[in-house]
Every structure is written in structure tokens, then in C-alpha cells.
Protein chains: 2
Amino acid sequence: MLNTQVTSKQSPSVPTIKDVAKAAGCSTATVSRALATPEKVSDATRERVNQAIAQVGYAPNIAARNLRRAESKTIVALLPDISNPFFSEIISGMEDVAHQAGYQILIGDCEHDPARAEAYFRLLSTNQADGIVLLTSEIPKTLIKQADGQADGQADFPLVMACEFFSDIDLPLIAIDNHQASCQAIDYLVSLGHQRIATLTGPAGNPICLERLRGYRDTLSVHGLIDQVCVAEGDFSFRSGFQQGLALLDNAQRPTAIFCHSDEMAVGVLKAARQLDITVPGQLSVVGFDNIGLSEYCDPELTTISQPRNEIGQQAMQSLLHLLRGERVIRRQTLSSHLIVRKSTGRVSG
Amino acid sequence: MLNTQVTSKQSPSVPTIKDVAKAAGCSTATVSRALATPEKVSDATRERVNQAIAQVGYAPNIAARNLRRAESKTIVALLPDISNPFFSEIISGMEDVAHQAGYQILIGDCEHDPARAEAYFRLLSTNQADGIVLLTSEIPKTLIKQADGQADGQADFPLVMACEFFSDIDLPLIAIDNHQASCQAIDYLVSLGHQRIATLTGPAGNPICLERLRGYRDTLSVHGLIDQVCVAEGDFSFRSGFQQGLALLDNAQRPTAIFCHSDEMAVGVLKAARQLDITVPGQLSVVGFDNIGLSEYCDPELTTISQPRNEIGQQAMQSLLHLLRGERVIRRQTLSSHLIVRKSTGRVSG
DNA sequence: CTGAAAGCGCTTACAG
DNA sequence: CTGAAAGCGCTTACAG
């Protein structure tokens with residue numbers, strides 16, 4: 001007889017479903033059913049199987065189950081950059097729902113590298129992942145179109161976006177209304193008497209930033225301030241906030257308020273203001289975005305827009321689970337954001 | 001004939017090794033070998049197989065391979081709390097090495113919950129993970145002892161610790177010398193003329209905090225300041241830094257310097273000082289730990305201790321890979337930290 | 001309600 | 001260098 005058995009590392013080799021069947025005096029089929037569809041097994045048998053499982057210390061081999069069922073019970077959370085604390089609470093929300101449903105989450109950090117994103121998408125076709133929650137629009141769009149093409153219809157492709165989105169590809173989306181959030185921030189600044197209000201955006205072309213930018217322009221327009229539009233571009237980081245902050249502020253006609261598309265950029269702007277001896281909120285008001293933990297601890301504490309991050313994560317995972325069960329899904333779920341007023345904003349001086 | 005085939009979701013079903021074999025005119029065994037051990041296949045055959053792979057668009061089904069090889073090519077990175085940015089660069093380092101070797105990383109966020117830690121450990125026995133890099137000592141020790149018991153010897157258990165460690169369980173460890181780092185920070189504060197130096201630790205009993213505490217005491221002792229010992233306990237968070245900062249500073253005999261076991265706590269202390277109108281560094285010096293991105297952008301910029309986080313992640317993964325190959329591994333790798341002097345520390349006033 | 005048997009997609013010891 | 005065949009640990013349609 002051939003011996004092709006892979007030698008196990010453990011000396012007392014891990015118990016399999018066969019061992020349980022032997023101990024319970026039934027077939028492996030019955031053990032499998034007792035686990036997967038207990039209602040199809042008689043009470044007595046189910047009882048014996050459960051005892052046998054406890055006795056031999058059995059845990060199912062998930063790789064085998066996944067192979068047989070052609071699924072992986074794994075969901076990829078695709079992020080632009082894991083070091084941004086904005087994402088951690090979203091992932092917590094996703095995990096709550098996922099674990100409950102027997103799924104695990106694989107965090108895919110793209111690090112702004114298309115090759116990484118592609119590698120994570122490939123997990124779908126090799127059955128290593130069942131679905132993706134996409135938290136970045138910074139990936140090659142061809143990935144989605146290819147994937148989409150394979151599916152029967154749009155609705156069947158197990159991909160859900162959260163927070164970010166594409167302007168030209170319609171996918172199920174869970175996000176706040178970025179345009180409205182932006183309007184609210186600018187309205188507030190105008191109500192404080194500000195007229196020269198600049199905005200510091202994320203990467204050019206990022207759809208959520210374009211939405212926020214639109215809200216910024218629209219609101220200035222409403223207030224007859226459209227000629228005051230002043231836009232700088234950052235990348236959400238401390239560093240870009242600092243650099244662009246210097247550029248905006250080191251200037252006689254400098255703005256009296258800056259609306260930033262991330263809290264980290266706002267904190268960078270605070271540093272730029274300090275360096276130029278511009279007081280906040282005395283001479284400059286600063287608004288951030290996201291309400292990360294830091295925003296309560298920087299100086300001054302940051303006025304910012306809060307997104308329901310945990311809920312976004314939960315809903316995103318929920319929608320993906322629906323998709324995986326072949327159910328229809330709401331194409332667009334808009335959760336509400338709100339402005340949190342702290343100490344980095346004040347009435348315009350002079 | 002029975003039909004037990006699971007219906008695939010994709011209409012044109014995913015090509016398997018059989019399709020490649022057919023297209024190349026050889027057996028599946030040969031295709032498999034051309035992939036796994038190309039040197040065992042003739043040049044001509046290898047060429048035909050590669051063409052066939054490209055032609056049918058084949059990608060191996062990893063679940064099947066893993067089942068057969070009894071491995072998962074997955075490493076769990078077990079963290080206390082994913083929202084702490086300290087870990088992100090360590091994970092980057094791990095990923096670099098892991099991906100190169102064909103492994104993927106599953107981030108396990110324990111959220112200070114022992115049940116979560118246990119669930120991640122269980123992945124080892126169900127062949128869903130091949131090894132663990134443990135970045136927290138906040139897990140039930142029984143998990144490790146159980147696991148350890150199963151292995152032939154200590155050295156064979158695929159577990160490596162990074163940064164954190166246990167006082168009473170000897171596992172391969174990649175970390176800085178926390179005692180020495182602490183001595184360096186305190187020495188520096190003493191050299192600035194400080195005598196009343198407090199320390200704000202992480203959770204009581206955490207071995208790395210005990211090491212740092214020992215360094216603190218030893219250095220005060222050397223300088224004849226042992227009667228000045230003043231210890232407060234936090235949990236690494238902004239919030240605990242703020243609260244304990246208030247407690248330490250709202251006091252006539254307050255310290256002139258505080259050495260914190262994390263940057264986030266140091267930033268919390270900065271806020272407490274502001275609230276009490278205590279100037280930093282004029283009336284109070286503050287030192288953090290870890291050199292996270294924020295430490296350059298808070299006000300004042302933080303003097304802190306930098307750990308080579310990327311390198312720690314790389315070495316940890318490297319060691320784990322050695323272990324998985326059955327090779328011996330260095331039990332203790334100490335990487336060097338260094339003190340970064342910024343603006344939150346100064347000569348003692350008055 | 002239960003069992004025998006096929007099959008998921010690979011890998012590998014054996015025989016040639 | 002190559003192929004036939006067994007087997008990894010499950011699940012499930014079929015037959016009873």
C-alpha cells in the first residue's frame with residue numbers, strides 16, 4: 001500500500017471526523033450532519049456525537065471543509081494604509097458582525113501599491129476569500145471591472161464599498177453624505193464670521209474629497225463668497241497638513257479658517273500655525289474630519305466631523321453577507337455624520 | 001453516477017490543474033511538479049506546462065494545496081489593540097518578510113478580551129494558521145502552556161514574541177532592552193537637573209513596564225534620588241495619560257518631569273499640564289515612548305524613545321519562519337532603541 | 001434517520 | 001523524467 005500520508009508535526013495526531021465517528025459508533029456522514037444540520041439527526045445520536053467530540057477533543061479541519069464547500073469564510077478588508085487610526089474602529093465593527101456569522105477578516109493593507117491591491121483581489125478567484133469590503137478608491141479600476149465581468153450580474157459580485165467610492169462604478173456603498181458634512185462645516189465657519197475660508201483636501205481626484213470640495217464651493221457660493229475659494233491638496237497625513245498649512249498661512253492674504261479633510265492634516269496645520277505665531281482659534285480657525293482619538297487631545301482640541309465608524313463597519317459587513325447569500329442589497333446606505341465643536345474654531349477676529 | 005459537485009458561482013468554472021494537464025498533454029502530477037519542483041521536469045515539458053497555465057488562466061486552489069500539505073501559509077499577528085498606531089509599522093515589517101516567503105498575515109485584534117486570544121490560538125490546532133507572532137502579554141498563559149505541551153520541545157512550537165514578553169515563560173523574543181531604554185531617559189532628565197521625576201507606566205504587571213520601572217528605580221538610585229520615586233499607572237491611552245497626569249500634577253509637590261510608557265499617554269499628560277497652566281518644558285518635562293508619527297506634531301514636540309519597529313517586525317517573522325522549517329532560533333534578539341530629544345524636555349526651572 | 005461512496009483540487013511515494 | 005493512484009478531511013446526493 002502506498003504511504004502518501006503527510007507526517008503531522010504533533011505526536012498524538014489531531015483527531016479527525018473519523019475518530020469521532022468511531023467513538024460515537026456511527027458514520028462520518030452522521031457526525032458531519034450532527035454538526036452542520038443537527039435537526040436531521042436523532043436526539044440520541046446527536047447526544048452521542050457531541051460526547052464523542054468532547055471525548056476525543058475534535059475540532060473540524062476548516063481547510064477541508066472550505067475546500068469541499070468551495071468557500072473560505074474569509075472576508076478581505078482592503079485599506080489604503082493601516083497606520084491611519086481612522087480605520088481601526090471600522091474594522092472592529094466589521095469583526096463583530098463577521099465573527100458572529102462565522103467569518104474571519106483578513107486585513108489587506110495596500111500601502112498605496114496597486115500590486116498589493118491586485119494580490120488581494122486574486123484571493124477571490126483562488127477561493128481564499130469570499131468577499132471584499134473596499135475602503136479605498138486608490139486601486140486600479142480594472143480589478144473591479146474584471147471581477148465584475150465574471151459575475152452573472154452586478155449585484156452578485158461580493159464586493160461592498162465603505163466610506164470611499166468610485167465616481168464611475170456603481171457598487172453597494174455604506175458611507176456618510178460627504179457633500180452635506182462639508183456644507184455643515186463651512187456653514188458653521190461662515191456663521192462665525194469667516195469669509196476667507198480655505199480647504200485642504202485629500203489626494204486630487206479622490207471622489208469623497210471631490211464631494212467635500214463641492215460642498216465647500218456650494219456653501220461659499222450660497223453666501224456670496226465664491227471668489228474666496230482657496231484649495232490646497234494634501235494626502236491626509238500630518239506631514240502634508242503641516243506643509244500645506246505653511247504654504248496657505250505664510251501669506252499676507254492668508255485665510256482665517258481652514259477646513260481639512262482629515263484630523264491628522266488639521267493637526268499638521270496647527271503645527272504650521274504655531275511655527276508662524278498664528279494663534280488658534282484667535283487668528284485662525286481649523287476644522288478636521290473623522291474625529292479620531294487624537295482630536296480631543298491636541299492643542300487646541302479639534303472641531304471636527306464625526307463619522308459613525310463602528311456602524312459603517314457593521315453595515316458594510318452585513319451587506320456583504322447578504323450579497324454572499326445571494327440576496328439583494330441596498331445600493332446606497334447613508335449614515336449620518338455630525339459636527340463636533342471644540343476649541344479650534346472661534347469668531348473671526350478684527 | 002453520483003453528482004456531489006458543488007455548483008460554482010462563476011459561470012465559466014475556475015480552471016483546475018486538470019485543465020492545465022489536458023491543455024499541456026501531460027498528467028496532473030507533472031503539472032504539479034512543474035510548479036513545485038521545476039527542476040524535476042524536463043525543459044520541454046516545463047515550457048508546455050507554463051504555456052498551458054497561461055492559456056487556460058490557471059491559478060492554484062490554495063485551500064486544496066494547504067489541505068494536502070497540512071499547512072495554511074498563514075501567520076497570526078496577535079495584538080492587544082489594533083487602534084494603537086505603534087503596531088502598524090511592525091506589521092509592515094512582518095508583511096514584507098512573510099509575503100516574500102509565500103505567507104500571509106492574519107491580524108488578530110484581541111481587544112483585551114481573552115476569548116478572542118483563545119479563538120486565534122485555536123487556529124493553530126485546526127490548521128488554519130501555521131504560527132503566531134505574539135505582540136501582547138495580555139493573554140491567558142494557559143494558552144501557551146497547552147500549546148507548548150503539544151509540541152515535542154519548546155523550540156518546536158511556532159510562536160515568537162515581539163516587543164512584549166512573559167516573565168515566567170521562555171519564548172523566542174525580539175525586542176529592545178526596555179531597562180536600558182528607561183535608564184537612558186531618566187539619565188537624560190537627571191542631566192537636565194530634574195530630581196522629582198515621576199513615571200507613568202502601562203498596566204500593572206506588564207513585564208515590559210516592570211523592566212522600564214526597574215530602569216527608572218535603578219537610575220534614580222544611582223543618582224541618590226531613590227526617595228523621589230513616584231509611580232502612576234495608566235493603560236497606554238490618551239485618556240489615562242490625561243487622568244493620571246492631572247493626579248500627578250495637581251499637587252504642590254508635583255514632579256518636574258514625567259517619563260511615560262507611551263507617546264499617547266505623554267500627549268495626555270501635555271493636555272493635563274495645559275489645563276493646570278503648567279508650561280512644558282518650562283515647568284514640566286515630558287518624555288514619551290515609541291516615537292509614533294504624532295510625536296513630531298503635538299505641542300510641544302515630544303522627546304521620546306524610538307524603537308526600530310519595522311526591523312522588529314522583520315526579525316520576528318524571520319525567526320518564526322526558521323521555527324517553521326524546524327531550525328533552531330536565537331532565543332533573544334535585542335535591537336537597539338534610542339532617545340530622540342525634541343522640545344518637551346528642558347532644564348529644570350528655578 | 002443513517003451509511004456507503006464520490007468528490008472538492010491538490011501532492012507525492014512508488015514504479016517504471 | 002513521467003503517470004497512475006492514493007489520500008488530505010471534509011460534505012452531501014442518493015438509496016435505504
Side-chain angles (χ1 to χ4, degrees), chain A residues 1-10 13-22 24-49 52-53 56 58-73 102 125-128, chain B residues 1-10 13-22 24-49 52-53 56 58-73 102 125-128:
Chain A
M1 179 187 152
L2 295 181
N3 170 22
T4 76
Q5 191 173 353
V6 176
T7 318
S8 171
K9 286 157 202 159
Q10 274 92 356
S13 78
V14 177
T16 73
I17 201 170
K18 269 191 195 164
D19 300 306
V20 178
K22 194 175 297 174
C26 67
S27 74
T28 60
T30 299
V31 175
S32 181
R33 275 189 292 255
L35 253 35
T37 50
E39 71 281 5
K40 291 190 183 170
V41 164
S42 76
D43 290 359
T45 309
R46 196 181 329 114
E47 187 63 20
R48 264 187 300 129
V49 168
I53 286 174
V56 305
Y58 171 73
N61 180 318
I62 306 295
R65 172 181 293 172
N66 289 346
L67 173 60
R68 183 53 228 244
R69 291 190 181 161
E71 65 186 9
S72 65
K73 291 288 183 181
S125 47
T126 57
N127 271 311
Q128 290 178 93
Chain B
M1 179 188 150
L2 298 179
N3 172 21
T4 75
Q5 191 174 353
V6 176
T7 319
S8 173
K9 286 157 202 162
Q10 272 94 357
S13 77
V14 177
T16 73
I17 200 170
K18 271 189 192 166
D19 301 307
V20 178
K22 195 176 296 175
C26 66
S27 72
T28 60
T30 299
V31 175
S32 181
R33 276 190 290 257
L35 252 34
T37 48
E39 71 281 6
K40 292 190 181 169
V41 164
S42 76
D43 289 1
T45 309
R46 197 183 324 118
E47 187 63 21
R48 264 186 302 127
V49 169
I53 286 174
V56 304
Y58 170 73
N61 179 316
I62 305 295
R65 172 180 291 172
N66 289 346
L67 173 61
R68 183 55 229 241
R69 290 189 181 163
E71 65 184 9
S72 63
K73 290 287 182 182
S125 46
T126 57
N127 270 313
Q128 290 179 90

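Labels below follow one simple rule: chain letters A, B, ... track the order of the sequence lines, proteins then strands, and each chain is numbered from 1.
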Value in whole Å for how far the [atom2] atom of [N] lies from [atom1] of [X]:
X	N	atom1	atom2	result
B:E39	D:dT2	CD	P	13 Å
B:D43	D:dT2	CG	C1'	15 Å
B:L67	D:dT11	CG	P	12 Å
A:R46	C:dT2	CZ	C1'	14 Å
B:I62	C:dT11	CD1	C1'	13 Å
B:K18	D:dA4	NZ	P	13 Å
A:R68	D:dG7	CZ	P	19 Å
B:L35	C:dT12	CG	P	12 Å

**Request:** Please report the closest heavy-atom contact between B:N127 and B:S72, naming both atoms and the distance.
**Result:**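 Nearest heavy atoms, B:N127 then B:S72: O-CB, 3.3 Å.
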Given [options], identify the nucleotide with an atom nearest to the side chain of [X].
X	options	value
B:T28	C:dT11, D:dC10, C:dC10	C:dT11
B:I17	C:dC10, D:dG9, D:dT2	C:dC10
A:T30	C:dT2, C:dG9, D:dT11	C:dT2
A:S42	C:dC10, D:dT11, C:dT2	C:dT2
B:A29	D:dT11, D:dG9, D:dA4	D:dA4

**Prompt:** Looking across every strand, which nucleic acid part, if any, lies under 4.0 Å from B:S32 by heavy atom: base, sugar-phosphate, or nothing?
**Reply:**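 Base contact.
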**Asked** Mind checking whether A:I17 and A:P60 have side chains closer than 4.5 Å, heavy atoms only?
**Response**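 No. Closest side-chain heavy atoms not under 4.5 Å.
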**Asked** Nearest 0.5 Å, what's the OG1-CZ distance between A:T126 and B:R65?
**Response**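 The OG1 atom of A:T126 sits 10.0 Å away from the CZ atom of B:R65.
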**Request:** Take B:A64 and B:S27, find for each the nucleotide of DNA chain D with the closest heavy atom, and name the residue whose nucleotide sits nearer the 5' end.
**Result:**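 This one resolves to B:S27.
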**Item:** Which residue lies more 5' along DNA chain D, comparing A:R33 with B:K40 via nearest heavy atoms
**Value:**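 Closer to the 5' end of DNA chain D: B:K40.
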**Message:** Using Watson-Crick or G-U wobble geometry with both distances under 3.5 Å, which nucleotide pairs with D:dG3?
**Reply:**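 Base partner found: C:dC14.
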**Prompt:** If only side-chain N and O atoms of B:R65 are considered, is one of them under 4.0 Å from the OP1 or OP2 phosphate oxygen of C:dT11?
**Reply:**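 For B:R65, the contact criterion (side-chain N or O under 4.0 Å from OP1 or OP2 of C:dT11) is met.
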**Message:** Any carboxylate oxygen within less than 4.0 angstrom of a Lys/Arg side-chain nitrogen, looking at B:D43 and B:R46?
**Reply:**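 Yes, B:D43 and B:R46 are salt-bridged.
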**Item:** C:dG16 to C:dT12 separation - C1' atoms, rounded to the nearest Å
**Value:**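 After rounding to an integer number of Å, I get 16 Å for this pair.
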**Message:** Name the residue from B:C26, B:S32, B:P38 that meets the side-chain contact (heavy atoms from CB on, under 4.5 Å) definition with B:V49.
**Reply:**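 Exactly one option meets the side-chain contact (heavy atoms from CB on, under 4.5 Å) with B:V49, and it is B:C26.
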